[in-house]
Amino acid sequence: MTLLLDNEFQPLPPDKAVDTKLFLETVSHLPSFFDCLGSSVFGLIKSDVNGNITKIKAVYLKDPQRYVTLQDIVEAEREAHAAQWPKIGATLALMWLKRGLRFIQVLLQSLADGEKDPNNPNLIKVNVIKAYEEALKKYHGWVVQKIFSAALCAAPYRSNFLKALSKGEEAKEEDCLANVRQFLVNYTATVDAIYEMYTSLNAELDYTV
Ligand code: EIS
């Protein structure tokens, strides 16, 4: 099993440009993490995230020297496909991928902050719902929102999720949370930088699926 926290994101340079190669290497470990969540509903999510990564990687590999940063790719596609951009190519794939990354970020941050349902302290539903509302809900019509509800029922227990994230069976909760906080530093900075790039290039869309 690949542990989410084993693959740390790199610190950003001062101009906050995200290095395409390093980014792709790090996010490519994410999809296999879904396997340890059990339910088949995660298979659907895994293939969507995988599809995004594959698409961005395919563009990058066409010309790695030209596409050193993620912004290089988005700007090149803006020039090459002015009529359809930004709903095209790696620009679209990264638009969606960043929402999944934001979902994970808000979920982990909420766990790290100790947010809990006092009546069900070993459930992560409150954390998952918060992440969904902040990162994805507004882009989903009711059918996909129903898929989310199904995924929510399949969410693991807090204690099992924290162990899966971190060091397996014997890890103490506080150690897991310390790892989560450490992971979030560069991860959050990277996700924020991608969001800022989409805003500054006017590349964000708000259609629903
Ligand atoms: C995009 O998908 C494609 O990604 C994009 C292009 O085809 C574009 C065209 O419009 O569509 O329809 C997809 C959308 N993707 C749009 C929906 C897929 C199913 C989503 C179900 C929602 C479930 C929410 C998550 C609930 C999880 C509960 C977790 C409990 C622990 C550690 C857990 C991590 C979970 C991470 C969740 C990431 C969700 C990402 C969903 C993205 C989405 O909404 S393109 O493809 O351009 O590459 O060709």
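Every number for a ligand or one of its atoms is a count from 1 in the order of the listing.
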Undergrad: Specify whether Trp96 and Tyr139 have parallel, tilted or perpendicular ring planes, treating 30° as the upper limit for parallel and 60° as the lower limit for perpendicular.
TA: perpendicular
Undergrad: Would you say Lys55 touches ligand 1, if touching means a heavy atom closer than 4.0 Å?
TA: yes
Undergrad: Taking all atoms of both residues into account, what is the closest heavy-atom pair of Ala189 and Leu12, and its distance?
TA: O-CD1, 3.4 Å
Undergrad: For atom 9 (C) of ligand 1, state which one of Tyr132, Phe103, Tyr207 supplies the nearest heavy atom.
TA: Tyr207
Undergrad: Considering the heavy atoms of Ile45, write down every atom of ligand 1 situated less than 4.0 Å from one of them.
TA: 23 (C), 25 (C), 37 (C), 38 (C), 39 (C)
Undergrad: List the closest protein heavy-atom neighbour of atom 21 (C) of ligand 1: residue, atom name, distance to the nearest 0.1 Å.
TA: Ile147 CG2, 3.9 Å
Undergrad: For Phe42, state whether at least one heavy atom is located under 4.0 Å from any atom of ligand 1.
TA: yes
Undergrad: Look at atom 17 (C) of ligand 1 and say which protein heavy atom is nearest, naming residue and atom and giving the distance to 0.1 Å.
TA: Val144 CG1, 4.3 Å
Undergrad: Kindly identify the option in Leu44, Thr91, Leu97 whose heavy atom sits closest to atom 19 (C) of ligand 1.
TA: Leu44
Undergrad: Using a strict 4.0 Å threshold on nitrogen-to-oxygen distance, state whether Arg158 and Glu173 make a salt bridge.
TA: yes
Undergrad: If we only count heavy atoms from C-beta on, is the Leu94 to Met197 side-chain gap below 4.5 Å?
TA: yes
Undergrad: Looking only at heavy atoms, what is the nearest atom pair of Asn127 and Glu115, with distance?
TA: ND2-O, 2.9 Å
Undergrad: Nearest to atom 6 (C) of ligand 1, what protein heavy atom do you find, and at what distance?
TA: Leu92 CD2, 4.0 Å
Undergrad: Just jot down the ligand 1 atoms closer than 4.0 angstrom to any heavy atom of Phe34, in number order.
TA: 34 (C), 35 (C), 36 (C)
Undergrad: Return the closest protein heavy atom for atom 2 (O) of ligand 1 as residue, atom name and distance.
TA: Asp48 OD1, 3.4 Å
Undergrad: Measuring from atom 28 (C) of ligand 1, which candidate in Val128, Thr208, Leu136 has the nearest non-hydrogen atom?
TA: Val128
Undergrad: Taking Arg99 first and then Glu204, would you say they form a salt bridge - that is, a charged N and a carboxylate O separated by under 4.0 Å?
TA: yes
Undergrad: Looking at CG of Leu97 and CD1 of Ile56, how far apart are the two atoms once the value is rounded to the nearest 0.5 Å?
TA: 5.0 Å
Undergrad: Report, in ascending order of atom number, the atoms of ligand 1 lying under 4.0 Å from any heavy atom of Ala93.
TA: 47 (O), 48 (O)
Undergrad: Should Asn50 and Ser47 be marked as a side chain to side chain donor-acceptor pair (under 3.5 Å) after you check the CA-CA gap, both sets of side-chain angles, and the distance that decides it?
TA: CA-CA 5 Å; Asn50 240 336; Ser47 65; over 6 Å; no
Undergrad: Using a strict cut-off of 4.0 Å, indicate which atoms of ligand 1 neighbour a heavy atom of Asn52.
TA: 3 (C), 4 (O), 5 (C), 45 (S), 46 (O), 48 (O)
Undergrad: Hey, which atoms in ligand 1 end up nearer than 4.0 Å to a heavy atom of Phe148?
TA: 24 (C), 26 (C)
Undergrad: Determine, for Tyr67 and Lys21, whether the Lys NZ or Arg CZ falls below 6.0 Å from the six-membered ring centre while staying within 45 degrees of the axis.
TA: no
Undergrad: Could you find the nearest protein heavy atom to atom 11 (O) of ligand 1 and give me its residue, atom name and distance?
TA: Trp96 NE1, 3.9 Å
Undergrad: Counting only heavy atoms on the protein side, is anything nearer than 4.0 Å to atom 47 (O) of ligand 1?
TA: yes
Undergrad: Between Arg102 and Glu134, is the closest basic N to carboxylate O distance under 4.0 Å?
TA: no
Undergrad: Kindly identify the option in Ala58, Gly100, Ala154, Pro31 whose heavy atom sits closest to atom 40 (C) of ligand 1.
TA: Gly100
Undergrad: For atom 12 (O) of ligand 1, what's the nearest protein heavy-atom neighbour? Residue, atom name and distance, please.
TA: Val209 CG2, 3.7 Å
Undergrad: Have a look at His140, Lys87, Arg102 and point out the one with the heavy atom closest to atom 44 (O) of ligand 1.
TA: His140
Undergrad: Do we see a donor-acceptor contact under 3.5 Å between the side chains of Thr26 and Asn7?
TA: no
Undergrad: Distance to the ring centre below 6.0 angstrom and angle to the axis at most 45 degrees; does that hold for Lys98 and Tyr198?
TA: yes
